Amino acid sequence: MSALRRAGVLGWPIEHSLSPVIHGLWLKRFGIAGRYERVAVEPERFAAETLRLLQEQGWRGMNVTAPHKEAAVRVVDRLDAAAERIGAVNTVVACADGRVEGRNTDLYGFRRNLETAAGWERVGRRAAVVIGAGGASRAVVCALLDLGFKEVRILNRTVEKARALRDDLSVKEGMRLAPLSMDWAAPAMEGADLLVNTTSLGMTGRGPLDLPLDPLPREAFVTDIVYAPLETDLLTRARARGHAVVDGLGMLLHQAVPGFEAWFEPPEPPAVDAELRAAVLAAMPG
Ligand code: ATR
């Protein structure tokens, strides 16, 4: 194996990915001889390209982003528990035993972003409201169950998708997933401790999430997985009502940690800190 440790991120399109900024800063900080690259891969070429990079180019692994996260489940030899549960892979690792493992660190990233946010220790665990039932929602719902929320109310424009998500996930005794249509948004927010947007609404170029916050208790925490813009319309409105809010950038930064550790083997875990945040913000368009 060459001394240069290689990894990267595969997606289609991929030019806006901020992951090279994150890994690049950490490589420099640790003085590790490594390279992390963006690779644009069309869906038809995804499996072959992944194997080529691992087997012929000696890559230690890669991040996988849209639209390949589900396809990656079928390319790897085995899955970690999170990838199995979520049905999607965002991190591929060439293991020492010669096998290729698919992992999902989105759940970890979302969870760490909440746990390290100011005011999180005061948040209750009665109920959480999750907007959306797509791929990102699955990771968020699993994280909320792991965090001990008794009830997770999944609101989605297409209620069947929220039901399918409920049916797919196993839930411990005493916990409950409640799929609901958006018509139930107001009653769903009553008594909630946390509101999460997992849709792409609010992102630059998309419409805002049109969701009146009046029924949400003032002590509820509000977070968005959208991070461009950093302060979405949802977060601005929540802040104006006095809610504690946390933006979605931290999820992106924290989800990168396990991959970096696996591929580049730093002497200690890479830090998610103000310098990293500033570097990523500076690289964001607009
Ligand atoms: P993913 O979560 O897999 O990244 P996405 O396209 O960003 O995918 O978002 C999917 C989620 O956003 C879904 O819950 C979707 O609702 P539907 O299941 O009804 O399609 C939701 N979503 C996307 N656009 C929306 C809109 N204009 N209004 C309401 N919900 C929307």
Side-chain angles (χ1 to χ4, degrees), residues 1-110 112 135-136 138-139 142 251-270 272 276 280 283:
M1 191 179 285
S2 73
L4 186 73
R5 297 170 187 192
R6 294 184 68 187
V9 55
L10 276 60
W12 183 259
I14 198 61
E15 59 271 20
H16 299 301
S17 171
L18 294 164
S19 293
V21 179
I22 302 172
H23 292 279
L25 185 141
W26 284 336
L27 284 170
K28 205 165 143 202
R29 219 180 243 180
F30 286 110
I32 293 171
R35 196 195 296 166
Y36 184 100
E37 303 157 50
R38 292 181 187 90
V39 187
V41 186
E42 309 91 306
E44 313 79 78
R45 286 200 309 118
F46 173 71
E49 181 64 3
T50 301
L51 297 175
R52 188 186 73 81
L53 292 167
L54 292 170
Q55 291 164 0
E56 292 172 30
Q57 300 292 311
W59 279 33
R60 295 179 157 230
M62 61 271 291
N63 282 125
V64 173
T65 189
H68 305 311
K69 288 187 181 184
E70 281 87 19
V73 168
R74 297 183 294 275
V75 173
V76 297
D77 298 317
R78 62 174 179 237
L79 298 173
D80 78 349
E84 181 89 54
R85 215 165 147 209
I86 298 165
V89 164
N90 77 331
T91 303
V92 172
V93 178
C95 297
D97 64 2
R99 312 290 278 181
V100 176
E101 185 166 296
R103 303 181 183 175
N104 193 306
T105 68
D106 288 333
L107 189 164
Y108 168 85
F110 177 77
R112 289 303 295 156
R138 290 178 86 90
C142 289
M251 177 179 176
L252 175 77
L253 305 180
H254 285 287
Q255 64 76 34
V257 170
F260 187 86
E261 290 190 277
W263 308 318
F264 299 119
E265 302 173 282
E268 62 195 66
V272 171
L276 179 69
V280 172

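Since we're looking at a predicted model, the values are computed, not measured.
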**Asked** Can you tell if the side chain of Arg78 reaches within under 4.5 Å of the side chain of Cys95, non-hydrogen atoms only?
**Response** yes

**For Arg45, all residues meeting salt bridge (Lys or Arg N to Asp or Glu O under 4.0 Å), sequence neighbours excluded** = Glu42, Glu49

**Item:** Contact summary for Phe30 and Pro267, nearest pair of heavy atoms
**Value:** CD2-CD, 3.7 Å

**Asked** So, Trp263 side chain and Val92 main chain: donor-acceptor pair closer than 3.5 Å or not?
**Response** yes

**Complete:** So CZ of Arg112 and CG of Leu107: to nearest 0.5 Å the spacing works out to 12.5 Å

**Prompt:** If you round to the nearest 0.5 Å, how far is OH of Tyr108 from CE of Met251?
**Reply:** 12.5 Å

**Request:** Could you tell me whether the side chain of Arg60 and the main chain of Ala7 form a donor-acceptor pair under 3.5 Å?
**Result:** no

**Prompt:** Do side-chain atoms of Gln255 reach the backbone of Leu252 as a donor and acceptor pair under 3.5 angstrom?
**Reply:** yes

**Message:** Let me confirm one number: the OG1-NE2 distance from Thr105 to His254, rounded to the nearest 0.5 Å.
**Reply:** 11.5 Å

**Message:** Please give me the minimum heavy-atom distance between Arg138 and Ile86, naming the atom from each residue.
**Reply:** NE-O, 2.8 Å

**Asked** Taking only residues at least two apart or on different chains, which pairs with a member in residues 61-75 satisfy side chain to side chain donor-acceptor pair (under 3.5 Å)?
**Response** Tyr36-Asn63, Asn63-Thr91, Lys69-Asp106

**Request:** For Arg35, enumerate each residue passing the side chain to side chain contact (heavy atoms under 4.5 Å, CB included) test, keeping only those at least two apart in sequence or located in another chain.
**Result:** Leu4, Arg6, Glu37

**Item:** Heavy-atom closest pair, residues Glu261 and Pro270
**Value:** CG-CD, 3.8 Å

**Request:** Compare every heavy atom of Ala94 with every heavy atom of Leu54, then report the nearest pair and how far apart it is.
**Result:** CD2-CB, 4.2 Å

**Request:** Return the set of residues passing salt bridge (Lys or Arg N to Asp or Glu O under 4.0 Å) with Arg38 (not counting sequence neighbours), or none when no residue passes.
**Result:** none

**Prompt:** Who are the side chain to side chain contact (heavy atoms under 4.5 Å, CB included) partners of Ala83, not counting sequence neighbours?
**Reply:** Leu79, Asp80, Val89, Asn104

Under 3.5 Å, which donor-acceptor pairs do the side chains of residues 11-27 form with other protein atoms, sequence neighbours left out?
from  : atom 1 : to     : atom 2 : distance (Å)
Ser17 : OG     : Ser19  : N      : 3.2
Trp26 : NE1    : Ala271 : O      : 3.0

